[in-house]
Novice: 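There's a structure below that I have some questions on.
For ligands, and for the atoms within them, numbers begin at 1 and follow the listed sequence. Values below: all heavy atoms of this structure, side chains included; hydrogens, waters and symmetry mates excluded. Here the structure is a predicted model, which is why all the values come from computation and not from measurement.
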Amino acid sequence: MQTLTPHVYWAQRHSEIYLRVELSDAQNLDLSIQDNVLYFKAQGHGAKGDNEYEFSLEFLEPVKPEVTHKSTQRQVNITVKKQECSWWDRLTMQERKPVFLAPDFDRWLDESDAEMELRAKEEKINKVSIESRIPKDPFLNLKKGYLFMYNLVQFLGFSWIFVNMTVRLFILQEDSFYDTFHTIADMMYFCQILAVAEVINPALGLVKTGVIPALIQVVGRNVILFVIFGSLEEMQNKAVVFFVFYLWSIIEIFRYPYYMLACIDTQWKMLTWLRYTIWMPLYPLGVLAEAVAVIQSLPIFDETRLYSIPLPKALGQSLSFSYILQIYLVLMFLGLFVNFRHLYKQRRRRFRSKKRKAN
Ligand SMILES: CCCCCCCCCCCCC[C@@H](O)CC(=O)SCCNC(=O)CCNC(=O)[C@H](O)C(C)(C)COP(=O)(O)OP(=O)(O)OC[C@H]1O[C@@H](n2cnc3c(N)ncnc32)[C@H](O)[C@@H]1OP(=O)(O)O
């Protein structure tokens with residue numbers, strides 16, 4: 001058997017040299033680095049058929065004496081580590097390139113591309129090490145499961161309200177305004193009692209948002225539902241009930257599915273846009289409708305003396321609850337301002353971070 005030289009292809013990175021030896025079914029491989037020279041000897045099928053092939057390469061700069069290799073059916077892949085992290089002008093000490101050596105264009109990168117690859121690798125390693133340092137929450141799946149179920153139940157509840165009211169509006173038209181309370185109230189009570197969880201969730205750290213906006217939202221709605229509509233029969237057949245309930249339910253049929261998708265780390269662009277946009281007209285309209293309801297209830301509270309506060313004889317009999325409601329009216333517009341600002345910030349944060357991700 002005559003000794004021949006195989007085709008060898010090379011590429012480099014800042015810390016490594018890659019050699020690809022075109023030799024299939026390589027056997028009896030003898031590979032070593034001595035005095036910065038790589039010696040390769042093996043039997044296999046190369047450019048000149050089945051033969052013994054060998055070559056040696058003296059590297060331009062110092063390399064580590066350990067060498068790793070992997071033989072496949074088609075080739076032998078060799079990796080040599082550079083002693084220092086640097087970019088070499090060529091592979092070998094001798095200036096003239098050996099005839100059997102050529103660039104490996106499958107792995108070839110120029111210096112700046114290799115630097116970018118290196119930086120990306122370092123960033124990935126940093127990210128993994130930071131992530132591994134943050135302790136994983138053992139209850140994460142349980143929390144997500146609970147939130148998903150909560151949002152699903154609310155979504156179903158508010159969808160039922162919205163569809164029911166819309167169908168009745170089409171069939172009965174204006175007449176449907178006046179008995180909204182009697183058809184919808186039970187489901188609305190259920191959803192709004194459940195909504196107390198929206199204050200508890202951020203308080204327990206289950207969702208990343210403030211307790212105050214949620215408290216304003218839940219207290220605000222429940223005062224209208226339980227105190228104004230629930231306790232005054234005279235209010236229950238007024239048209240304002242329709243507007244309040246309809247405005248509340250429109251936002252919720254987008255908000256809860258948005259949260260459900262967030263629980264499974266999914267987003268639908270259109271749904272996100274709707275969740276963070278339609279509150280703009282709905283919120284002021286909602287507060288306006290609620291304010292109309294409060295104003296309409298004032299004379300009823302004066303007349304019935306319901307919830308009136310007993311006073312000492314010298315000050316008169318009792319203080320009508322309507323005075324408290326007049327203070328509450330001011331609070332409502334304050335609440336509108338606080339939550340409008342909060343929702344505006346949430347919208348900017350949501351769309352700003354999405355834009356950044358897209359860049
Ligand atoms: C201190 C008491 C004082 C009482 C004073 C009373 C004053 C009365 C004021 C009355 C005003 C109320 C008027 C109101 O009734 C009128 C209407 O509702 S009209 C209809 C229109 N309404 C709306 O559009 C408001 C809808 N409601 C809300 O948007 C929320 O309730 C609100 C608290 C206002 C804002 O929500 P949040 O702060 O949670 O913002 P985000 O939705 O952006 O969520 C932030 C991140 O938390 C995650 N999250 C939140 N909840 C959940 C959940 N249930 N499940 C899963 N994940 C959740 C969410 O995904 C966000 O995370 P990320 O940023 O990672 O996506």
Novice: May I ask you to check whether over 12 heavy atoms, not counting those of Lys81, lie within 6.0 Å of atom NZ?
Specialist: no
Novice: Between Phe340 and Trp279, does the ring centre distance come in under 6.0 Å?
Specialist: yes
Novice: Within the structure, does Thr209 bring an N/O atom to less than 3.5 angstrom of an N/O atom in ligand 1?
Specialist: yes
Novice: Using a 4.0 Å cutoff against the non-hydrogen atoms of Val287, which atoms of ligand 1 qualify?
Specialist: 13 (C)
Novice: Ion pair present between Arg168 and Asp175, side-chain N to carboxylate O less than 4.0 angstrom?
Specialist: no
Novice: Between Glu252 and Arg255, is the closest basic N to carboxylate O distance under 4.0 Å?
Specialist: yes
Novice: Can you figure out which of Arg221, Arg255, Gln217, Glu198 has its heavy atom closest to atom 30 (C) of ligand 1?
Specialist: Arg255
Novice: Strictly below 4.0 Å, N to O, side chains only: are Glu22 and Arg20 in salt-bridge contact?
Specialist: yes
Novice: Among protein heavy atoms, which sits nearest to atom 12 (C) of ligand 1, and what does the distance come to when rounded to 0.1 Å?
Specialist: Tyr283 OH, 3.4 Å
Novice: Which one of Asn36, Leu19, Val80, Ile17 satisfies the side-chain contact (heavy atoms from CB on, under 4.5 Å) criterion with Leu57?
Specialist: Leu19
Novice: At less than 4.0 angstrom from any non-hydrogen atom of Gly286, what atoms of ligand 1 do you find?
Specialist: 19 (S)
Novice: Would you check if there is a donor-acceptor pair between the side chains of Gln73 and Ser24 at a distance under 3.5 Å?
Specialist: no
Novice: Which ligand 1 atoms, with their elements, are less than 4.0 angstrom from a heavy-atom of Leu343?
Specialist: 29 (O), 35 (C)
Novice: Against heavy atoms of Ala214, which atoms of ligand 1 measure under 4.0 Å?
Specialist: 33 (C)
Novice: Considering non-hydrogen atoms of the protein only, which is the closest contact for atom 58 (C) of ligand 1, and what is the distance?
Specialist: Val207 CG1, 3.4 Å
Novice: Cation-pi between Arg107 and Tyr18: NZ/CZ under 6.0 Å from ring centre and within 45° of the ring axis?
Specialist: yes
Novice: Any protein heavy atom at under 4.0 Å, with atom 46 (C) of ligand 1 as the reference point?
Specialist: yes
Novice: Which residue and non-hydrogen atom of the protein lie closest to atom 34 (C) of ligand 1, and at what distance in Å?
Specialist: Asn339 ND2, 3.9 Å
Novice: So does Arg13 pair up with Glu117, basic N to acidic O under 4.0 Å?
Specialist: yes
Novice: Examine Lys97 relative to Trp10 and say whether NZ or CZ is less than 6.0 Å from the centre of the six-membered ring and inside a 45° cone about the ring axis.
Specialist: no
Novice: How far is atom 2 (C) of ligand 1 from its nearest protein heavy atom, and which residue and atom name does that atom have?
Specialist: Leu215 CD2, 4.0 Å
Novice: Would you mind checking if Arg221 and Glu198 are paired as a salt bridge, meaning a charged N to carboxylate O distance below 4.0 Å?
Specialist: no
Novice: So which bit of Ile212 gets within less than 4.0 Å of ligand 1, heavy atoms only: side chain, backbone, both or neither?
Specialist: neither
Novice: Flag the pair Tyr9 / Phe105 as yes when their ring centroid distance falls below 6.0 Å, and as no otherwise.
Specialist: no
Novice: Identify, by atom number and element, the atoms of ligand 1 in contact range of His342, meaning under 4.0 Å from any of its heavy atoms.
Specialist: 35 (C), 37 (P), 38 (O)
Novice: Output the list of atoms in ligand 1 that are nearer than 4.0 Å to some heavy atom of Tyr258, sorted by atom number.
Specialist: 66 (O)
Novice: Hey, does Arg350 sit under 4.0 Å from ligand 1 if you only count heavy atoms?
Specialist: yes
Novice: Under 4.0 Å from a heavy atom of Tyr328: give me the atoms of ligand 1 that qualify, with their elements.
Specialist: 6 (C), 8 (C)
Novice: List the closest protein heavy-atom neighbour of atom 7 (C) of ligand 1: residue, atom name, distance to the nearest 0.1 Å.
Specialist: Leu331 O, 3.8 Å
Novice: Can you list the ligand 1 atoms lying under 4.0 Å from a non-hydrogen atom of Ile216?
Specialist: 9 (C)
Novice: I'd like to know whether ligand 1 has Arg347 as a neighbour, heavy-atom separation below 4.0 Å.
Specialist: no
Novice: Looking only at distances, please establish whether an N/O atom of ligand 1 is found under 3.5 Å from an N/O atom of Glu252.
Specialist: no
Novice: Would Asn51 and His45 count as a side chain to side chain contact (heavy atoms under 4.5 Å, CB included) here? Give the steps.
Specialist: CA-CA 6 Å; Asn51 263 306; His45 191 89; over 6 Å; no
Novice: State yes or no: are the ring centers of Tyr246 and Phe162 separated by less than 6.0 Å?
Specialist: yes
Novice: Salt bridge or not between Asp25 and Arg74? Use side-chain N to carboxylate O under 4.0 Å.
Specialist: no
Novice: So which protein heavy atom does atom 43 (O) of ligand 1 come closest to, and at what separation?
Specialist: Tyr276 OH, 2.5 Å
Novice: Considering only heavy atoms, does Asn151 approach ligand 1 within less than 4.0 Å through its side chain, its backbone, both, or neither?
Specialist: side chain
Novice: Is Trp279 in polar range of ligand 1, meaning some N or O pair under 3.5 Å apart?
Specialist: no
Novice: Would you say the ring centroid of Tyr259 lies under 6.0 angstrom from that of Phe155?
Specialist: no
Novice: So which heavy atom in the protein is nearest atom 4 (C) of ligand 1, and how far is it from that ligand atom?
Specialist: Val219 CG1, 3.9 Å
Novice: Give me the residue, atom name and distance of the protein heavy atom closest to atom 40 (O) of ligand 1.
Specialist: Gln346 NE2, 3.0 Å
Novice: Measure from atom 53 (C) of ligand 1 to every heavy atom in Tyr256, Phe148, Tyr259 and give the option owning the shortest one.
Specialist: Tyr259
Novice: Between Lys208 and ligand 1, find which residue part has any heavy-atom pair under 4.0 Å and reply side chain, backbone, both or neither.
Specialist: both
